[in-house]
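Notes follow once the structure below has been shown.
Each chain gets a letter, A, B and so on, in the order its sequence line appears, and its residues count up from 1.
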Amino acid sequence: MKIKFNINNKLEDIEIKPAETLLNALRTNGFTEVKCGCNEGECGACIVLIDEKPVNSCQVLAMSVISKKILTVKGVGTLHNPHMLQKIFTSSGADQCGFCSPGMVLSAYSLLKDNPNPTDKEIVESLDGNLCRCTGYVKIIDAVRRTALIMNENITIRE
Amino acid sequence: MFNENLKWFFPSTISLAVRLIGQPGVILHGGGTRILKTQSRSIIGLVDVGKLKLNYIKYKNNLAHIGAAATFSDVVKYSKDNNCLLMLGAALSQAASTPLRNRITIGGSLKDFPQWSNLIAPLISLDAKIEINNGKTKIMSVEDYISEGTIKTKHLIKEIIVPEDESLFWRVKRFALLKFEYPIFNIALSLKMDNNIIKDARFVITGVKSRYKRFIKAENVIKGKILSEGLIKQCMKYIDPKFVSDYKYSDSYKTKAAIITIEDLLTELAVEKQ
């Protein structure tokens, strides 16, 4: 069946099955920026924001979020108009293979919206549902810290 | 795999939701994390609780009322400003991960009561009450809800009620060797104090053979006394959790770990009280 979902602030017609996860529904309808990792709610590759909160889309039945606002990483910023967080993730080497990056960016985006000046402990806690097998996390935490600093001081980054 | 003909219901009243779950194969859907783990083919209908507006946390007459659809994250956030939910907030902040805590509901976690539950031990230790509806409204203690078997019947959980007690000293511990592992057991200890005298105590462990255990003999030993090293030693004689071995840990390992953990937590409480 086709159902309208609010994805990245647009109403989208999504073809879903009653028992389908949000992850599957999004990917089969073209939102492939949402990655499928473990499919068990452990790795965070599939994180999307539902009503501004990060959730594992593999652990959500699509039918249960029909009336909610869904944000994928493409709703945070685009290739030609990236969000500050996305710019700093790339410039500081916080993404390597890039598979965990959509989930990482969304978790960090949600944190900074809620808490623009997080401590290192709060950054680590907010990323506790995101696994990365490349970076060792240090550069990711640095990137979130730098983004907070730059956004709080209204600094512009030159391309 | 789920049944292909799975049906969804979105009732806006509790009475309709209760009527719907009265049908065979129809169950409640809160956050859905547990349903997705089991994906039982016997489920033919899901009753979503989203429109019942049970995602509240409010504070009235020294009682915190937590709606069944409130998530673990909601409780953790609210607990930072409310004394009566500090213990529960501390326990739930250790559960799973941020994105899962944003999805796991209080009602769903209580009804399912998984072996690794971070919720049940603090609720029993806090002497929390539960309001359920199975056609009639009923309020009972969480402990009775589990021990008397109501948990296994068809009903809807409306809310959990947690009393505030400023004389409460507490500790919670989620025991897992790695953060990512399901905990081997969860412990919640609470002491109601009158100056230095222990008025009441509730020591609870989950993850044991009987799912949960209260150490009532140990609680009785320390009531009316001052918490001291000697008293803790005396009390520890009655801490006797029974575990089942699994593919990772033997029952004797779990028992030793639980006893040492409880002794450490009681010692911390004694130091805090001084």
Sort out for me which of N3(B), T33(B), D48(B) touches chain A most, counting heavy-atom pairs under 4.5 Å.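 When all of N3(B), T33(B), D48(B) are compared, T33(B) has the most.
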Looking only at I43(B), L46(B), N102(B), N5(B), the option with the highest number of non-hydrogen pairs under 4.5 Å against chain A is N102(B)
Crowding at [atom1], [X] (>12 non-hydrogen neighbours, <6.0 Å):
X: M1(A); atom1: CE; result: yes
X: E268(B); atom1: CD; result: yes
X: K35(A); atom1: NZ; result: yes
X: E40(A); atom1: CD; result: no

Give a yes-or-no answer on whether the side chains of T98(B) and D128(A) include a donor-acceptor pair shorter than 3.5 Å.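 On atom types as modelled, these side chains qualify, holding a pair under 3.5 Å.
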Where on [X] is there a heavy atom nearer than 4.5 Å to chain B: the side chain, the backbone, both, or neither?
X: D114(A); result: side chain
X: E125(A); result: backbone
X: L49(A); result: neither
X: S67(A); result: neither

Can you tell me which portion of K37(B) sits under 4.5 Å from chain A's heavy atoms? Options are side chain, backbone, both or neither.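 The answer is the side chain of K37(B).
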Less than 4.5 Å to any heavy atom of chain A: does that hold for the side chain of K77(B), its backbone, both, or neither? side chain
Are R103(B) and V60(A) close enough, and set up right, to give a side chain to side chain contact (heavy atoms under 4.5 Å, CB included), and what steps lead you there? CA-CA 8 Å; R103(B) 206 56 203 165; V60(A) 175; 3.5 Å; yes
Rounded to the nearest 0.5 Å, what separation is found between the CZ atom of F2(B) and the CG atom of L61(A)?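 One gets 5.0 Å once the value is rounded to the nearest 0.5 Å.
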Rounded to the nearest 0.5 Å, what separates atom CD in Q59(A) from atom OG in S97(B)? 9.5 Å
Validation row: [X], [Y] side chains within 4.5 angstrom (heavy atoms):
X: S64(A); Y: W8(B); value: yes
X: H29(B); Y: M63(A); value: no
X: D74(B); Y: K53(A); value: yes

All heavy atoms of L36(B) vs all of C58(A), minimum pair found to be CD1-O, 3.9 Å
Which heavy atom of G41(A) sits nearest to which heavy atom of L100(B), and what is that distance? O-CD1, 3.4 Å
